[in-house]
Colleague: 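Have a look at the structure that comes next, please.
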Amino acid sequence: DGTQTANVTATVPQYTPAASQVQVQDNEGRAITLTMPASYVENYGSNFIQVSLSGKTLVPVVVSLSSNDTSEFTVVSSVTIPAGSSSVNASAVVVDDTLLDGDQTVTVTASAAGFTGPSRTVIIRDNDPATGVWSTIGSPQLAGDYIAATLTFKTIEDKVAEGYSATATITATNDAGTATLRNAPVNLSVYNGVADASSYVSILTAGTNTRLSAKTPALAAIQSNAFTVQNNTLAKFAISPLASTQIIGSPETVSITAQDVYGNTVSNYTNTAALSAGVTPIITGTGTSSETNFPINAATYKLSRTQSAYA
């Protein structure tokens, strides 16, 4: 309220009254304060900043606000602090662009008649990824086991792209071509610039120079380091196909392969395998005879019977 004049009067019976004036100087500085975070992630959206006076005002005070980069951060042009109040919230918006521009610094300025207006800087942290990076995948991995790995998206300044969310589609290759993934297609959720593959990515195909590859709407073909996928433990034997016609007593070459549950060759398996063979009867035809076809002694034979011929 500024400097105020106070009248002081002294009276005593039978004495002449005395009066004087005193100037009371206001000790409340006439300053504006802006309260806001030091930084925002680019996709933060709508929010508020607080505009405060150093003390309560006896009359409404209009405070003008401005941003020096409205492509990154906007604020309402003015707010009114009501009489008897010392602060009010002002609407602001963090602009989410698609530029690979890194972190940007914006200056917000406040001013009002008769008050000292401040300027505050705020950093708008870029959330647009320029690259994607896999954590190092250890070698070897076992076929069918889940791979401990994370996928991190980074800005043009090599900072984690906080606020970046997307779906990353995962594929795998090795020296032989495409490697099979468990539960393909595999899609990972990217949250705040990071996707965790540890409980979702499992390669079923053994092979060398295996790599994971990730693709998002923003980036394609983010490749991991090369690693080896080894076969899992023995689960079954596979026999090579045999010709449909065989000659009795003639030798036949057959290949027996030890395999894991995913069909990979268990290359370190050395042992003997017991072989057995059997004949599966094949029905070539069936027929029924009755007394009308071949007269027979009904007292000795049944009137009809069915007979099957096997090859």
Colleague: With rounding to the nearest 0.5 angstrom, report the OG1 to CG distance, Thr210 to Asn174.
Modeller: 4.5 Å

Colleague: With no hydrogens and no angle check, is any side-chain donor or acceptor of Asp126 less than 3.5 Å from a backbone partner on Gly102?
Modeller: yes

Colleague: To the nearest 0.5 Å, how far apart are CG in Asp97 and CD in Gln104?
Modeller: 8.0 Å

Colleague: Could you pull out the closest heavy-atom pair between Ala218 and Pro129, with the gap in Å?
Modeller: CB-CG, 4.1 Å

Colleague: Give the cluster check for Val95 versus Val75: same hydrophobic cluster or not, with ILVMFWY residues linked at side-chain heavy-atom distances below 4.5 Å.
Modeller: no

Colleague: Given the rule that I, L, V, M, F, W and Y join up when any side-chain heavy atoms are under 4.5 Å apart, are Val229 and Ile137 in one cluster?
Modeller: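 Same cluster: Val229 reaches Ile137 through Ile, Leu, Val, Met, Phe, Trp or Tyr contacts under 4.5 Å.
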
Colleague: Enter the distance from Arg30:CZ to Thr57:OG1 here, rounded to the nearest 0.5 Å.
Modeller: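 It comes to 7.0 Å.
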
Colleague: Does Tyr146 have Arg182 sitting over its ring (NZ/CZ under 6.0 Å from centre, angle to axis within 45°)?
Modeller: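 Pair Arg182/Tyr146 counts as cation-pi.
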
Colleague: Between the side chains of Asn187 and Thr169, does any donor sit under 3.5 Å from an acceptor?
Modeller: yes

Colleague: Can you tell me if OH on Tyr200 sees more than 12 non-hydrogen neighbours from other groups inside 6.0 Å?
Modeller: no

Colleague: For the OH atom on Tyr44, are there more than 12 heavy atoms of other groups (residues, nucleotides or ligands in this structure) within a distance under 6.0 Å?
Modeller: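 It does not: Tyr44 OH has 12 such atoms or fewer within range.
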
Colleague: Rounded to the nearest 0.5 Å, how far apart are OG1 of Thr155 and CG of Asn127?
Modeller: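 One gets 9.5 Å once the value is rounded to the nearest 0.5 Å.
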
Colleague: Just by distance, with hydrogens left out, do Asp175 and Thr208 show a side-chain donor and acceptor under 3.5 Å apart?
Modeller: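 Judged by distance alone, the side chains do pair up.
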
Colleague: Whether the Asn47 and Tyr40 side chains hold a donor-acceptor pair (N or O, under 3.5 Å, no angle test) is what I'd like checked.
Modeller: yes

Colleague: Go through Glu162 and Glu42 one step at a time and tell me if the side chain to side chain contact (heavy atoms under 4.5 Å, CB included) criterion holds.
Modeller: CA-CA 8 Å; Glu162 299 175 73; Glu42 191 175 65; over 6 Å; no

Colleague: Between Asn209 (side chain only) and Ala226 (backbone N and O only), is there a donor and an acceptor less than 3.5 Å apart?
Modeller: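 Absent.
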
Colleague: I'd like to know if the side chain of Gln259 reaches the main chain of Val266, judged simply by a donor and an acceptor atom lying under 3.5 Å from each other, with no hydrogens or angles considered.
Modeller: no

Colleague: Looking at Ile247, I'd like to know if its CD1 atom is crowded, meaning that more than 12 non-hydrogen atoms belonging to other residues, nucleotides or ligands lie closer than 6.0 Å.
Modeller: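 No - once you tally the heavy atoms of other residues, nucleotides and ligands closer than 6.0 Å, there are 12 at most.
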
Colleague: With no hydrogens and no angle check, just 3.5 Å: does a side-chain donor-acceptor pair link Thr105 and Thr121?
Modeller: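 No pair is found: no donor N or O on one side chain lies under 3.5 Å from an acceptor on the other.
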
Colleague: Rounded to the nearest 0.5 Å, how far apart are CG of Leu151 and OG of Ser135?
Modeller: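 Rounded to the nearest 0.5 Å, the CG-OG separation comes to 8.5 Å.
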
Colleague: For residues Leu275 and Leu234: do they belong to one hydrophobic cluster (side chain heavy atoms under 4.5 Å, members Ile, Leu, Val, Met, Phe, Trp, Tyr)?
Modeller: yes

Colleague: Quick check for you: to the nearest 0.5 Å, what is the distance between Leu34 atom CG and Gln50 atom CD?
Modeller: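 It comes to 9.5 Å.
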
Colleague: Quick one, Thr171 with Thr173, criterion side chain to side chain contact (heavy atoms under 4.5 Å, CB included). Give me CA distance, side-chain angles, the key distance, then yes/no.
Modeller: CA-CA 7 Å; Thr171 56; Thr173 57; 5.7 Å; no

Colleague: Who clusters with Val160? Use side-chain heavy atoms, under 4.5 angstrom, across I, L, V, M, F, W and Y, and order the result by chain and number.
Modeller: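 Val160 clusters with Val194.
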
Colleague: So Thr136 and Phe227, side chain to side chain contact (heavy atoms under 4.5 Å, CB included) or not? Walk me through it.
Modeller: CA-CA 10 Å; Thr136 301; Phe227 55 95; over 6 Å; no

Colleague: Taking CZ in Phe237 as the centre, count heavy atoms belonging to other residues, nucleotides or ligands within less than 6.0 Å. Is the count above 12?
Modeller: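 Above 12, so yes.
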
Colleague: I'd like to know if the side chain of Thr205 and the backbone of Ala179 have a donor-acceptor N/O pair within less than 3.5 Å.
Modeller: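 Side chain of Thr205 to backbone of Ala179, a donor-acceptor pair under 3.5 Å: no, none is there.
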
Colleague: Tell me yes or no: between the side chains of Arg125 and Ser39, is some donor less than 3.5 Å from an acceptor?
Modeller: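 Looking only at side-chain atoms, Ser39 and Arg125 do form a donor-acceptor pair, the distance falling under 3.5 Å.
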
Colleague: As a quick check of understanding, evaluate side chain to side chain contact (heavy atoms under 4.5 Å, CB included) for Thr107 and Arg120, giving each step before the final call.
Modeller: CA-CA 6 Å; Thr107 300; Arg120 280 288 308 275; over 6 Å; no

